[in-house]
Amino acid sequence: MSNKIWLSSPHMGGNELKYIHDAFDNNWVAPLGPNVNGFEQDLEHFLKTDVKVAALSAGTAALHLALIECGVGYGDEVICQSMTFSASANPIAYQGAIPVFVDSEADTWNMCPIALREAINDRIRNGKKPKAIIVVHLYGMPAKMDEIIAIAEEFEVPVIEDAAEALGSKYKGKACGTFGRFGVLSFNGNKIITTSGGGALVCHTHEDKEKAVFLSTQARDNAPHYQHSHIGFNYRMSNICAGIGRGQMEVLEQRVESRRAMTQFYVELFADFSGVKVFTEPSEDFYSNHWLSAIVVDPLLAGFTREDLRLALLEDNIESRPLWKPMHLQPVFSEALYYGHMVAERLFEQGLCLPSGTNLTDSDRQRISQVVNKLLSQGV
Ligand SMILES: *Cc1c(COP(=O)(O)O)cnc(C)c1O
């Protein structure tokens, strides 16, 4: 059996261990220390906007704290893009709040501004204005932020931008994660850079960041004894993980280049086949880090389904995966409200994510080409 080709696996840059050694040498083996501060500064610098970043244990933790800081509590409604990973929506439930799912649009696969407006209007008619909007930049593709921010401002609802997959992506030249009241980043093992596990909350004021740090370190009041006036969390990033992050930041630009090159590889691979569409930017306004390359297979035109392709790849030990299953189709959210026009449903049926790691070799790409070309030439 040939080696497994993964969808997206960790790819170290080389200097990560240097930062970890520093931490050991100085005994900063704790959820605080120079790597945590250094990693936060690296991220602030990279995002090129006047933001304050709090490094946390996970992107999910960052989403949870963003909801708390937006004042989301028991029984409140929160709008969330349906087409996403479950971690975008779960923190709504942590707060005892109610998710209201919204469909995607076909250009970016992200929140449809038309469906968003319908959802807000309908919820207001039902007597409840949503407390927050969670918009996602799926697979690194920026959502239509101008339209979404305009609607959010019109109704005065804060936006939480789930940029877990979109570090390095830009919309109209501005970094994803810096548009909303809060932005969320993830450094899970499969993301474009990793700290083995980790996340960050992107804030726009010193006060918002300090509140996130306070809540993420068990909400200890300023007293010599242990005193608490709030419910706290153990959500801060460790100085060891942050050391990995600092090493990864040194190669982030390169990683974006390589991911984008992988998408270009698939564009060329599928160029002559009208039934397969590679997910690319709809216009110059969008710059995707292409965290994962993805395609949509129209079985009538292609002569095969995305499942045929997935199984053909699997036979050669190559991993590929259907797109995120929309949240409103998940058993756990089957009772939830949903506003949409069947875009997410069709994407889920026809979409497939392909190997996108930055550590893939030319021979890996050759193997992928061979499987694809065989299927394309034979049909099924
Ligand atoms: C990975 C991911 C998260 C969660 O991040 P973790 O660091 O794994 O907790 C949230 N939202 C999206 C869209 C993700 O892809």
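Since we're looking at a predicted model, the values are computed, not measured. Both counts, for ligands and for their atoms, begin at 1 and track the order of listing.
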Check against side chain to side chain donor-acceptor pair (under 3.5 Å), Arg259 and Asn289 | CA-CA 7 Å; Arg259 296 261 174 180; Asn289 69 5; over 6 Å; no

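Looking from atom 1 (C) of ligand 1 to the surrounding protein, the closest heavy atom is Lys191 NZ, 1.6 Å. At the shortest separation from atom 11 (N) of ligand 1 among protein heavy atoms lies Asp162 OD2, 2.7 Å. Atom 15 (O) of ligand 1 has Glu165 OE2, 2.5 Å as its closest protein atom, hydrogens excluded (heavy atom only).
Residue Asn188 approaches ligand 1 through these ligand atoms, each under 4.0 Å from one of its heavy atoms: 8 (O). Every atom of ligand 1 with a heavy atom of Ala164 under 4.0 Å away is listed here by number and element: 2 (C), 3 (C), 10 (C), 11 (N), 12 (C), 14 (C). Close contacts of ligand 1 with Ala87, meaning ligand atoms under 4.0 Å from a residue heavy atom, involve 3 (C), 4 (C), 10 (C).
Heavy atoms of other residues, nucleotides or ligands lying less than 6.0 angstrom from CD of Glu210 number more than 12.
With ring centers used as reference points, His290 lies 6.0 Å or more from Phe279. A distance of 6.0 Å or more separates the ring centres of Phe101 and His328. Ring centers of Phe39 and Phe187: under 6.0 Å apart, within the cut-off.
Gly198 counts as a contact of ligand 1, since one of its heavy atoms falls under 4.0 Å from the ligand. Heavy-atom distances between Ser88 and ligand 1 reach below 4.0 Å in at least one pair.
Residue Val136 touches ligand 1 through its side chain alone, judged by heavy-atom distances below 4.0 Å. Neither the backbone nor the side chain of Leu138 comes within 4.0 Å of ligand 1, counting heavy atoms alone. With a 4.0 Å cut-off on non-hydrogen atoms, Thr60 touches ligand 1 through its backbone as well as its side chain. By the criterion of a heavy-atom distance under 4.0 Å, both the backbone and the side chain of Ala58 are placed next to ligand 1.
Cation-pi geometry between Arg365 and Tyr266 is not met: the NZ or CZ atom fails to fall both under 6.0 Å from the ring centre and inside 45° of the normal. Taking the ring axis of Phe270 as reference, the NZ or CZ atom of Lys277 does not stay both within 45° of it and closer than 6.0 Å to the ring centre.
Asp103 and Gly340 make their closest contact through CB-CA, 3.4 Å (heavy atoms, listed as atom of the first residue, atom of the second, distance).
Considering backbone and side-chain N/O atoms, Trp324 never comes within less than 3.5 Å of an N/O atom of ligand 1. Of the polar atoms of Ser186, at least one N or O is found under 3.5 Å from an N or O of ligand 1, judged by distance alone. Of the N or O atoms in Thr84, none lie within a sub-3.5 Å distance of an N or O in ligand 1.
Both Phe273 and Leu309 belong to a single network of hydrophobic side chains, linked directly or stepwise wherever heavy atoms of I, L, V, M, F, W or Y lie under 4.5 Å apart.
With hydrogens and angles left out, the side-chain atoms of Asp221 and Ser229 include a donor and acceptor closer than 3.5 Å.
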